[in-house]
Amino acid sequence: MLLYFFFAFSLFISPPSPSPSPSSSSSSSSLAPITKDHETHLYTLSLYLNTPPQATTLLLDLNAPFSWIHCSDNNNISSTYHSISCNSPLCSALGSRACAKCHHSPNTDCSNDPCILSPLNSVTHKTSTGKVITGSLALPVTDGRNPGQLKGFDEFLLSCSKKSLLKGLTKGVAGLAGLGRSRFSLTTQVSTSFSSTSTFALCLTGSPSAPGVAFFGSLGPYYFLPEIDLSKTLHYTPLVQNPVQSDYFISLTSIKVNGVIVQLNQNNILTKLSTATPYTTLQSNIYKVFTETFVNESAKVNLTVTNPMEPFKVCYNADEVLDTKVGPAVPTVDLVMEGDDVFWRIFGSNSMVRIARDGVDVWCLGVLDGGIRTETLIVIGGHQMEDNLMQFDLDQQRLGFSSSVLAYNTSCSNFNFTTVSNLS
Ligand SMILES: *[C@@H]1O[C@H](CO)[C@@H](O)[C@H](O)[C@H]1NC(C)=O
Ligand SMILES: *[C@@H]1O[C@H](CO)[C@@H](O)[C@H](O)[C@H]1NC(C)=O
Ligand SMILES: *[C@@H]1O[C@H](CO)[C@@H](O)[C@H](O)[C@H]1NC(C)=O
Ligand SMILES: *[C@@H]1O[C@H](CO)[C@@H](O)[C@H](O)[C@H]1NC(C)=O
Ligand SMILES: *[C@@H]1O[C@H](CO)[C@@H](O)[C@H](O)[C@H]1NC(C)=O
């Protein structure tokens, strides 16, 4: 019903704009480069906002329900964006509380009151209040191999924030791109407007020299040099339904270290995926038994723990650890999902973090103790997702994951970003 409102309303406010080449061959999949900021360990998405399209960088937040940008005078927002009235069906669909008086008394004249939503800084957890606005969003289309021409739509809905809400996020971002499980996330709006499948995929990279990539509205192919289609490497697990939050959850049945089961007291562990969390965070009890098991298993392969290196506790001298194409040779970690045959295997490149400072050079187990009382027992962070392809299929409510793509002789920084001009 609310979804219907959204469709009906967006059709009502905007007559279809002439598209550059409305042929049957036009691609409905699009992409955006993803860059890691090595100071904050967060990821940014590059896309085009405004008319004419203006390159804009937003913090990538996998779980945020909607996007926001700062609307101070110097970013051209006011001239090209439209605000939404408080008494519009779209504003009620958003559940904006600021408009309660309009919803409760239909005779009040609210047509000049703006619709308000609270943008959230997912790193500092600060919020502000801001007008809801709509404007143009454009992304390069893709055939899964290269980017092509820009394709856009005019009713991209997002919220305004004060400029101060950017504090704590990566330098240079204009706001935040929310890819969460919500009708108003960037991904849902792109799929709806481009009439594409409700699926997106992320391939994050820690490479400072080349970006990773997000694919929107595509089940594949996802080609990476040299000509490797990572959509062929995926295993699937259900996305766990959660009626309240827009976060993506999966369920683990167990964790194994070099094949040895970590002794946890439960067998259905709700696990969140988060790009706003740099390193996987475990509830204290899980952290304790997991790190102990890891230390015990690494001792079996003659790895001896050395001094801890903040913020990590379990570290090994780098010169004692062999290198492999999937990172340092340490025990593998398997995140096991429903049935023993589906697991996400984490190799050294994702489990370990290299720290070279103060005259020491170590590989440390890149997981953190989240404390006793955590909202979620396990939060899988950015470092553990790098060089893994993750496909969020909202039609089938499942997560597709590749495990380390380094094992397939490619990496997430190997997408060919050369623009092909006849791809539209
Ligand atoms: C605003 O628009 C003007 C003219 O189109 C452009 O020169 C300027 O760079 C834009 N400002 C920003 C912050 O992008
Ligand atoms: C690790 O090994 C020690 C010593 O053998 C043992 O006491 C401990 O229970 C083991 N821990 C786990 C979690 O297996
Ligand atoms: C560990 O070291 C012992 C003694 O040096 C050796 O016998 C054993 O083969 C080593 N094990 C592995 C897995 O390297
Ligand atoms: C990766 O490359 C190595 C060496 O070039 C080759 O032996 C191996 O079969 C390749 N692996 C895959 C999955 O293509
Ligand atoms: C990248 O794509 C362009 C356009 O299709 C192609 O000409 C080029 O050879 C590709 N680069 C590599 C390294 O394959």
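Please read all numbers here as calculations on a predicted model, not as lab measurements. Whatever order the structure lists them in is the order used to number ligands and atoms, beginning at 1. These values consider heavy atoms only, across backbone and side chains, with no hydrogens, waters or symmetry-generated copies.
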Polar contacts were defined as any N/O atom of the residue lying under 3.5 Å from an N/O atom of the ligand; does this apply to E292 and ligand 2?
yes
Applying side-chain contact (heavy atoms from CB on, under 4.5 Å), run through L165 and K126 and close with a yes or a no.
CA-CA 7 Å; L165 195 65; K126 289 204 165 75; 4.1 Å; yes
Numbering as shown, the atoms of ligand 5 that approach L225 to under 4.0 Å (heavy-atom distance)
12 (C), 13 (C), 14 (O)
Stacked cation flag K151 on F194, 6.0 angstrom / 45 deg
yes
Could you pull out every N or O of ligand 4 that sits under 3.5 Å from a protein N or O, with the distance for each pair?
from	atom 1	to	atom 2	distance (Å)
ligand 4	2 (O)	N409	OD1	3.4
ligand 4	2 (O)	N409	ND2	2.3
ligand 4	11 (N)	N409	ND2	3.0
ligand 4	14 (O)	N409	ND2	3.4

Examine the side chains of T44 and D37 and answer whether a donor and an acceptor come within less than 3.5 Å of each other.
no
Using only atom types and a distance under 3.5 Å, with no angle test, would you say the side chain of S207 pairs donor to acceptor with the backbone of A210?
yes
Ligand 5 atoms in contact with N416 (distance to a heavy atom under 4.0 Å):
1 (C), 2 (O), 3 (C), 8 (C), 10 (C), 11 (N), 12 (C), 14 (O)
Whether F290 and F294 hold their rings parallel, tilted or perpendicular, with breakpoints at 30° and 60°:
tilted
Is the F224-Y222 ring centre distance short of 6.0 angstrom?
no
Would the F312 and Y279 ring centres measure less than 6.0 Å apart?
yes
